[in-house]
Participant: 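This is the structure I have questions about; it appears just below.
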Amino acid sequence: MKFYPNGAVPEQANMYFVYGDGGTGKTSLTKQFRGNKMLFSFDLSTNVIRGDRDTSVVQIESSDAPTIQATVTKWLTKALRTDEYDVIILDNVTALQNLVLENIDGASKDGRQNYQKLQLWFRQLGTALKESNKTIYATAHQIDNGGDGLGENGRFAADMNEKTFNAFTSMFDVVGRIYIKDGIHLIDLDPENGNHAKNRLDDRKLIEAGDLIQQKLKEVI
């Protein structure tokens, strides 16, 4: 535990979490981040960053599945402790969650306890990312709760166990849903819409995806 008297809390790097359907541009957003990047690919969707000389990739393969927690912890710890990387990217957390849960389920038949272990592992992961003071970008798939009169509000969520999502993203400054409307890639950051969203960095509620990490930009009307 650390004590910071009189508001002397040190400035921390920002953390971003974006979820959405496949093909909406989640992985492409990595190009906005400046500095050397380490990208952890959990769903093998690395074509869009092929040739990016500032991005190193750790690609999880099927043979890693039985030891996914230890494998991720090992590689992530190395990336967080070195000054070589400025940005850490986790793409796609939905796939990571499913791999971790499968391992936990295989070790125990107590479903409720297994989900508690899942939530704890992701909370510890989020805490390690936050304490590293590196810029963090994570992605996830989305789930559609269906129309049924809901419209857009409250209809969409990240494709994760709800409590696991809350445990992990509590550390993040920005959570938003990326989608395409009239050919424009947009990110919803407004929690009042009822979808998973928040923005602790500024007052923007709806932005063009290309403006995610820029500081002073006009809001989309």
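In this text the structure is predicted, and so the values were computed from the model without any measurement.
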Participant: Counting C-beta onward and ignoring hydrogens, is there a side-chain heavy-atom pair between Ile136 and Ile89 closer than 4.5 Å?
Facilitator: no

Participant: Do Thr55 and Asp52 have side-chain N/O donor and acceptor atoms under 3.5 Å apart?
Facilitator: no

Participant: Given the rule in the side chain to side chain donor-acceptor pair (under 3.5 Å) test, do Thr139 and Asp91 qualify, once you have shown the distances and angles that lead to the verdict?
Facilitator: CA-CA 5 Å; Thr139 74; Asp91 183 41; 2.5 Å; yes

Participant: Does the side-chain contact (heavy atoms from CB on, under 4.5 Å) test come out yes or no for Val72 and Leu96, once each step is laid out?
Facilitator: CA-CA 9 Å; Val72 170; Leu96 174 60; 4.0 Å; yes

Participant: Does the side chain of Gln97 come under 3.5 Å of the side chain of Asn161 through a donor N or O and an acceptor N or O?
Facilitator: no

Participant: Is the shortest heavy-atom distance from the side chain of Leu120 to the side chain of Gln124 under 4.5 Å?
Facilitator: yes

Participant: Who are the side chain to side chain contact (heavy atoms under 4.5 Å, CB included) partners of Asn36, not counting sequence neighbours?
Facilitator: Asp54, Tyr85, Asp86

Participant: Are side-chain N/O atoms of Thr67 and Thr71 paired as donor and acceptor at under 3.5 Å?
Facilitator: yes

Participant: Are Phe172 and Tyr16, when compared by the centres of their aromatic rings, separated by less than 6.0 Å?
Facilitator: no

Participant: Taking the side chain as every heavy atom from C-beta outward, state whether Ile88 and Lys134 have any atom pair closer than 4.5 Å.
Facilitator: yes

Participant: Parallel, tilted or perpendicular: which describes the rings of Phe40 and Phe42, with under 30° parallel and over 60° perpendicular?
Facilitator: parallel

Participant: State which residues pass side chain to side chain contact (heavy atoms under 4.5 Å, CB included) with Arg34; sequence neighbours excluded, sorted by chain then number.
Facilitator: none

Participant: Decide yes or no on side-chain contact (heavy atoms from CB on, under 4.5 Å) for Met171 and Arg123, but give the supporting numbers first.
Facilitator: CA-CA 9 Å; Met171 315 290 177; Arg123 182 177 296 280; 4.3 Å; yes

Participant: Does Arg177 make a cation-pi contact with Phe156 (under 6.0 Å, within 45 degrees of the axis)?
Facilitator: yes

Participant: Once ring-ring contact (aromatic ring centres under 6.0 Å, His included) is applied, do any residues pair with Phe165, and if so which ones, sequence neighbours excluded?
Facilitator: Phe17, His196

